[in-house]
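Encoded as structure tokens, the structure appears first; notes follow it.
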Amino acid sequence: MTRAAESYVFSTVPLIVMGVGISIFPTAFMPLNGYRRKIKIATEKKQNLDKLKQLYNFHYNISIKFKTDIFGNDKVEIVLKIER
């Protein structure tokens, strides 16, 4: 190889590796962003429920059960009981 070809290869390879690495970032952070979005929505719903609780003077119990069926699918069972 000539000196010009060697410098071209050695300067291009790191750029390609960095480009591939940067392109993986959105894929890596997508589950985290989805989780944060769902937590924000759930927190807002809980705050609204707490405001209603204070306004109408009632109590509630939330029961959450995480289950796995025989096929390995995860299921969530949520029971909301409202008492006056």
Side-chain angles (χ1 to χ4, degrees):
M1 281 190 155
T2 65
R3 186 164 175 84
E6 286 179 5
S7 66
Y8 178 75
V9 170
F10 289 124
S11 65
T12 309
V13 172
L15 292 175
I16 292 172
V17 170
M18 286 190 300
V20 169
I22 290 173
S23 68
I24 294 174
F25 278 146
T27 306
F29 284 103
M30 198 178 323
L32 176 64
N33 290 336
Y35 171 77
R36 291 176 60 194
R37 189 177 331 110
K38 288 177 184 178
I39 287 294
K40 182 179 178 183
I41 292 169
T43 303
E44 290 174 358
K45 287 182 178 181
K46 173 126 177 25
Q47 289 174 350
N48 288 339
L49 187 60
D50 288 340
K51 287 178 186 176
L52 285 174
K53 175 186 161 188
Q54 290 178 347
L55 184 65
Y56 293 108
N57 195 21
F58 66 88
H59 302 283
Y60 64 92
N61 291 324
I62 297 176
S63 174
I64 301 173
K65 296 180 183 176
F66 298 95
K67 298 180 178 180
T68 304
D69 63 4
I70 59 173
F71 300 111
N73 299 324
D74 295 330
K75 293 185 179 183
V76 179
E77 180 180 316
I78 303 171
V79 178
L80 173 65
K81 293 182 182 179
I82 300 175
E83 303 169 353
R84 275 203 125 179

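For this chain, numbers begin at 1 and follow the sequence in order.
When all heavy atoms of Phe58 and Lys53 are compared, the closest pair comes out as O-CG, 2.8 Å. The minimum heavy-atom distance between Thr27 and Ser23, with the atom names listed, is OG1-O, 4.3 Å.
Put simply, Ile41 and Leu32 are part of two different groups of oily side chains (I, L, V, M, F, W, Y) that touch within less than 4.5 Å, one to the next. Both Leu80 and Phe66 belong to a common hydrophobic cluster when Ile, Leu, Val, Met, Phe, Trp and Tyr are linked at side-chain heavy-atom distances under 4.5 angstrom. Follow the hydrophobic side-chain contacts under 4.5 Å out from Ile78 and you reach Ile82 in the same cluster. Residues Met30 and Tyr35 do not share a hydrophobic cluster, clusters being chains of Ile/Leu/Val/Met/Phe/Trp/Tyr side chains in contact below 4.5 Å.
When side chains are defined from C-beta on, Leu49 does not count as touching Lys46, because their heavy atoms never get closer than 4.5 Å.
More than 12 heavy-atom neighbours from other residues, nucleotides or ligands sit within 6.0 angstrom of OH on Tyr60.
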> Given the rule in the side-chain contact (heavy atoms from CB on, under 4.5 Å) test, do Asp50 and Gln54 qualify, once you have shown the distances and angles that lead to the verdict?
Replying inline: CA-CA 6 Å; Asp50 288 340; Gln54 290 178 347; 5.9 Å; no
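Annotation: the span from His59 atom NE2 to Glu83 atom CD amounts to 8.0 Å, rounded to 0.5 Å. Remark: Lys51 NZ to Asn48 CG distance equals 6.0 Å, nearest 0.5 Å.
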